[in-house]
Amino acid sequence: FPVAPETEDEGKTLQLVESYLRNFYDLQRDHHPHLRSTGENQLVEKLKEMQAFFGLKVTGKPDLETLGMMKKPRCGVPDIGQYV
Amino acid sequence: FTAGNPKWKKNNLTYRILNYTPKMRQADVDEAIQKALRVWSNVTPLTFQKVEDKEADIMISFAYRDHRDNSPFDGPNGQLAHAFQPGEGIGGDVHLDEEEAWTKDGRGYNLFIVIAHELGHSLGLSHSSDPGALMYPAYSYTDPSEFLLPQDDIDGIQAIYGQSDAAVQPTGPVTPQACDPNLTFDAITTLRGEIMFFKGRYMLRKHPERAETELNFISLFWPNLPSGIQAAYENVERDEVLLFKEGKYWLLRGYDIAPGYPKPIYRLGFPKTVKRVNAAYSDETTGKTYFFIADRYWRYDENKRSMDHGYPRKIASDFGKIGRVDAAFQKDGYVYFFHGTTQFQFDPRAKRIVRQMKSISWFNC
């Protein structure tokens with residue numbers, strides 16, 4: 001069956017959020033998204049960290065403003081931690 | 001600061017340009033890099049010397065996708081460039097994504113702005129959460145000819161390398177905070193129901209339905225507008241906004257700058273003795289626009305498109321003790337005059353000031 005557009009968008013959104021947090025906020029690659037408890041917690045925490053950094057509302061949810069910021073062209077150096 | 005506070009152990013650094021992007025003239029690339037290096041050497045004891053055929057502290061190159069540093073580029077947009085903190089080998093090196101549209105102006109991505117940012121990393125700075133800082137992670141265009149290194153970045157780099165040797169220490173612009181009680185404005189206008197407060201290269205945008213105030217660079221919406229807008233007003237009937245700086249004015253039709261602008265302010269009927277406009281507002285019920293310059297004001301008839309006779313007049317004689325006007329706008333029948341951190345609410349029907357507030361009263365602080 002054709003995938004319903006919303007779920008497809010959701011998939012893309014999650015992909016954007018995960019790759020952004022992995023690139024710039026040290027989200028561990030194997031954060032076990034399928035283990036809803038730990039994986040989700042870490043993603044939410046990282047999302048909150050990113051929202052706090054950019055002065056966005058800290059919701060832990062990929063709201064419009066957060067996604068808008070993630071889509072902005074930017075520097076490839078992470079916002080936290082070292083870049084060696 | 002980058003974790004571990006990495007820094008160069010010497011002040012005289014070397015750089016080398018390994019290759020060039022075909023999208024810009026080599027001379028323009030060289031100039032962009034030299035200007036970017038001066039951004040940092042102007043505020044620290046650091047010096048940068050170009051070398052050609054040997055290892056330099058800072059190796060600058062344009063790279064494509066996977067370029068063997070474990071940080072592949074991602075094609076156009078997205079990640080524009082990256083740089084490594086001070087250290088041997090790859091330390092200090094700057095990599096620019098070759099697939100970006102590099103330019104020396106406001107189109108695509110301005111090479112000078114991006115390289116200046118990356119050099120901040122090469123010298124040991126990490127990202128700043130100050131939206132006006134050069135070290136803010138997201139790209140934003142500023143006209144290179146108007147670029148001033150913000151104070152946030154000066155503080156950061158001088159904390160690592162100390163102050164410059166210049167007799168007079170350079171300072172930089174500070175990002176306006178909406179709830180700063182000392183905030184003053186260059187110009188204010190309504191724009192399709194919103195209120196735009198201009199300050200330096202920034203615009204604070206207040207939508208009546210939103211509690212927060214949005215801070216943006218003027219250049220984000222209007223790359224061809226200069227910073228430091230001095231006056232602005234909306235002609236609601238024509239859905240136009242006029243913006244003034246020095247002897248020129250621009251016209252916004254809707255949200256876009258109309259072609260053929262800027263034009264000299266004398267087209268509006270000002271005498272040659274007038275060099276700039278301090279503030280303006282337009283009364284949509286009478287079709288009259290008021291221009292405030294020093295201690296006087298002119299009145300312009302929007303229908304006749306000419307200045308009314310009998311002006312200028314003294315501001316004090318018709319508006320009371322509001323002093324010099326920095327900015328003004330009309331909303332819901334009242335006129336709001338801003339002088340420094342003071343705001344006066346004026347009732348044009350009763351011809352008197354009905355209230356005095358703080359300049360930041362619109363920002364729900």
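Numbered from 1 within each chain, the chains take letters A, B, ... in sequence-line order.
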Please check if atom [atom1] in [X] has more than 12 non-hydrogen atoms from other residues, nucleotides or ligands closer than 6.0 Å.
| X | atom1 | answer |
| --- | --- | --- |
| B:N70 | CG | no |
| B:K23 | NZ | yes |
| B:R65 | CZ | yes |

Could you look at [X] and say if it's the side chain, the backbone, both or neither that has a heavy atom under 4.5 Å from chain A?
| X | result |
| --- | --- |
| B:A81 | backbone |
| B:E100 | neither |
| B:S128 | backbone |
| B:Y109 | side chain |

Handout entry: Least distance between heavy atoms, A:C75 atom then B:H127 atom
Key =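 Between these two residues, the closest heavy atoms are SG-NE2, 3.4 Å.
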
Problem - Counterpart residues, side-chain hydrogen bond (donor to acceptor under 3.5 Å, both in side chains), relative to A:Y25 (two or more places apart) - result: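 Partners of A:Y25 under the side-chain hydrogen bond (donor to acceptor under 3.5 Å, both in side chains) test: A:D79.
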
Problem - Atom group of A:Y20 that falls short of 4.5 Å from chain B, counting heavy atoms - result: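 Neither part; nothing is under 4.5 Å.
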
Handout entry: Interface residues of residues 58-73 of chain A facing chain B - heavy atom cut-off under 4.5 Å
Key =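 So far as heavy atoms go, A:E65, A:M69, A:K72, A:P73 are the residues that approach chain B to under 4.5 Å.
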
Practice task
Return the option, out of B:G78, B:A138, B:P137, with the maximum number of heavy-atom pairs under 4.5 Å with chain A.
Solution key: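 Ranked by contacts with chain A, first place is B:P137.
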
Handout entry: Aromatic ring pairing B:Y136/A:F53, orientation class (parallel under 30°, perpendicular over 60°, tilted between)
Key =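 Geometry flag for A:F53 against B:Y136: parallel rings.
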
